[in-house]
There are 2 protein chains.
Amino acid sequence: MARSSLTREEVLAAAAGLVRQHGPDALTMRKLAAELGTAVTSIYWHVGNREQLLDALVERTVQDMGAVRPVGRTPAERIVSVARGLRRELRARPHLIAMVHERGLTERMFLPAQQALVHEVHAAGLRGARAADAVRAVQFQVVGFVLVERNRERSPAQSPAETELWDDPAAAGAAAPDDPALTHALTRPADPERLFLLSVRALVRSLLAPAG
Amino acid sequence: MARSSLTREEVLAAAAGLVRQHGPDALTMRKLAAELGTAVTSIYWHVGNREQLLDALVERTVQDMGAVRPVGRTPAERIVSVARGLRRELRARPHLIAMVHERGLTERMFLPAQQALVHEVHAAGLRGARAADAVRAVQFQVVGFVLVERNRERSPAQSPAETELWDDPAAAGAAAPDDPALTHALTRPADPERLFLLSVRALVRSLLAPAG
DNA sequence: ACCTGAACACCGTTCAAGT
DNA sequence: ACCTGAACACCGTTCAAGT
């Protein structure tokens, strides 16, 4: 089953497909070769080796991460909208994002978003180092949240989950004696979407507040 | 070089050592066997297989994560101190924490800290679902921050780093026309310790503020 | 109960050889 | 310029065999 002519593009596309569907571990040179109908060693001619193949995939992902356009009337609203857009883009490419992160290209991937954040923070009246801090705080918050969130999704069966932990009356009582609503809330799994919005809004409100 | 009697404990200790020093990928059954001076297959008798060995290491780490004792006069201060303690403990065991996370045991690992947070949030006057949200927002913030931060450390050579990106006058100018101090601040690498404190304080201030 | 080596099915990578 | 199979050094795991 010889192919007319194998392209570097074809190799990258097939590799991206494997990663997208089954994660980076599923991307073995041999499986990739089988998928493409070539000998394993042909792949080496086109992309060097496995490491360089992953580098190329990551590079591609970084460039695909388009600029997010802020929406909303106030700077705070617009910052939150950037954060939401960032989260959406990150969640659409979980495996590739993880690889970008492992390779230390996260900052570069976030340049468009960072520029948007700088613009909004500036519009909100922040200047100098304080503006830079605000931008970075939001960036860290968003990326960190998505990492944690993604992790929870991947391993849904936390055993024992918070659920069961707070079902222990002794433990629950020790921390918060008379608040069944609180313990009940902690018993149910967190709603990430809601928690994300709530967290970002809370952070942004403080960062943009007049007094340092 | 037959050993008198191989223990499950010995296997776990050696495995933990390998992971601590060189990361989970360096933990191969064969290297572990060599380290212990036994046949590879002996390990299987004691710990099942590689997966179960990692499970056991993770379980151990979870139990090692002690309770953090809040310090400070106001609830806000005490919450921040819990966050700092959490960050310190996480950073002391980077590889193992990553494994705990991969296995979805993060929530359980954080139970002691969560109870402390519940207590403080309650003391600050928050009740019910809103208190639960505050606890989780802080938890996500801390874990997420450490994940992002750890990642940056592991790959120090961001290429091109923010440094170079903001050195491009056109890009910098488009986002924030007249703030050299801002662009200069973004040119230098972030100070994680400072950014962490700043972020947590900002978040907590909002979460504990009277109006929802 | 505990340990062993042989064997199997997988890896990534190199290299000399083909066209 | 592009592709190939053979070969090497690694994996995790199983299993029958030892004591």
Side-chain angles (χ1 to χ4, degrees), chain A residues 1-60 95-96 98-100 102-104 154-155, chain B residues 1-60 95-96 98-100 102-104 154-155:
Chain A
M1 190 180 289
R3 316 182 78 273
S4 57
S5 132
L6 187 61
T7 318
R8 183 185 155 88
E9 289 308 309
E10 285 177 297
V11 175
L12 290 180
L18 280 179
V19 169
R20 189 152 221 152
Q21 290 175 35
H22 309 105
D25 288 350
L27 175 58
T28 74
M29 304 301 269
R30 287 174 148 93
K31 276 183 198 149
L32 183 54
E35 184 106 346
L36 290 164
T38 32
V40 200
T41 41
S42 303
I43 297 172
Y44 283 82
W45 196 91
H46 286 285
V47 298
N49 57 25
R50 185 169 187 271
E51 202 60 20
Q52 295 173 38
L53 171 56
L54 294 183
D55 283 343
L57 287 184
V58 159
E59 182 61 32
R60 187 161 286 214
H95 294 309
L96 284 168
M99 285 165 53
V100 169
E102 270 169 27
R103 283 174 156 62
R154 201 164 38 148
S155 46
Chain B
M1 190 179 289
R3 316 182 78 275
S4 57
S5 133
L6 187 60
T7 318
R8 183 184 155 89
E9 290 307 309
E10 285 178 297
V11 175
L12 291 181
L18 280 179
V19 169
R20 188 150 223 152
Q21 290 175 35
H22 308 106
D25 287 350
L27 174 59
T28 75
M29 303 301 269
R30 288 174 148 95
K31 274 183 198 149
L32 184 53
E35 185 107 344
L36 290 164
T38 34
V40 201
T41 41
S42 302
I43 297 171
Y44 284 82
W45 196 91
H46 286 285
V47 297
N49 56 26
R50 186 171 186 271
E51 202 60 19
Q52 295 173 39
L53 170 56
L54 294 182
D55 283 342
L57 287 185
V58 159
E59 181 62 32
R60 188 161 286 214
H95 294 309
L96 284 166
M99 286 164 54
V100 169
E102 270 169 26
R103 284 175 153 61
R154 201 164 38 147
S155 45

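Just so you know, these numbers come straight off a predicted model, no measurement behind them. Numbers restart at 1 for each chain; the letters A, B, ... are given by sequence-line order, proteins then strands.
- Within residues 13-22 of chain A, no residue is approached by DNA chain D to less than 4.0 Å at the level of any non-hydrogen atom.
- B:Thr7 places no side-chain N or O within donor-acceptor distance of the main-chain N or O of B:Glu10, the cut-off being under 3.5 Å.
- For the residue pair B:Leu12 and B:Ala56, the shortest heavy atom distance occurs at CD2-CB, 3.7 Å.
- Helical stems of DNA chain D (runs of at least 3 Watson-Crick or G-U pairs, donor-acceptor distances under 3.5 Å) are listed by first residue: C:4-8 with D:12-16, C:12-16 with D:4-8.
- Neither OP1 nor OP2 of D:dC2 sits under 4.0 Å from any side-chain N or O of A:Ser42.
- Here the CZ atom belonging to B:Arg20 is positioned 14.0 Å from the CG atom belonging to B:Leu27, to the nearest 0.5 angstrom.
- Checking A:Thr41, A:Val40, A:Leu36 one by one against A:Thr38, the side chain to side chain contact (heavy atoms under 4.5 Å, CB included) holds for a single residue, A:Leu36.
- For residues 46-59 of chain A, the pairs satisfying side-chain hydrogen bond (donor to acceptor under 3.5 Å, both in side chains) are A:Glu51-A:Arg103, A:Asp55-A:Arg103, A:Glu59-A:Gln63, A:Glu59-A:Arg108, with sequence neighbours left out.
- With values rounded to the nearest 0.5 angstrom, B:Asp25 atom CG is found 12.0 Å from B:Leu18 atom CG.
- Residues B:Val19 and B:His95 approach most closely at O-CD2, 3.1 Å, considering heavy atoms.
- C:dC3 atom P lies 5 Å from atom CG of B:Leu6, rounded to whole Å.
- In this structure, of D:dC11, D:dT4, D:dC3, it is D:dC3 that holds the atom nearest to the side chain of A:Trp45.
- When the side-chain nitrogen and oxygen atoms of A:His46 are compared with OP1 and OP2 of D:dA1, none of them lie within a distance under 4.0 Å.
- Distances from the side chain of B:Thr28 to the nucleotides D:dG12, D:dC3, C:dT4 place D:dG12 closest.
- Remark: nothing in residues 52-60 of chain B comes within less than 4.0 Å of DNA chain D through any heavy atom.
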Practice item. Between protein and nucleotides 13-19 of chain D, map the contacts as a letter string: B base, S sugar-phosphate only, - none, heavy atoms under 4.0 Å, written 5' to 3'. Key: BBB----

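- The distance between atom CD1 of A:Ile43 and atom C1' of D:dT4, rounded to the nearest whole Å, is 13 Å.
- Applying the salt bridge (Lys or Arg N to Asp or Glu O under 4.0 Å) test to A:Arg60 and every residue at least two apart in sequence or in another chain returns A:Glu9.
- Rounding to whole angstrom units, CG of residue B:Asp25 and P of C:dG12 are separated by 13 Å.
- In this structure, B:Ala15 and B:Leu32 approach most closely via the heavy-atom pair N-CD1, 3.7 Å.
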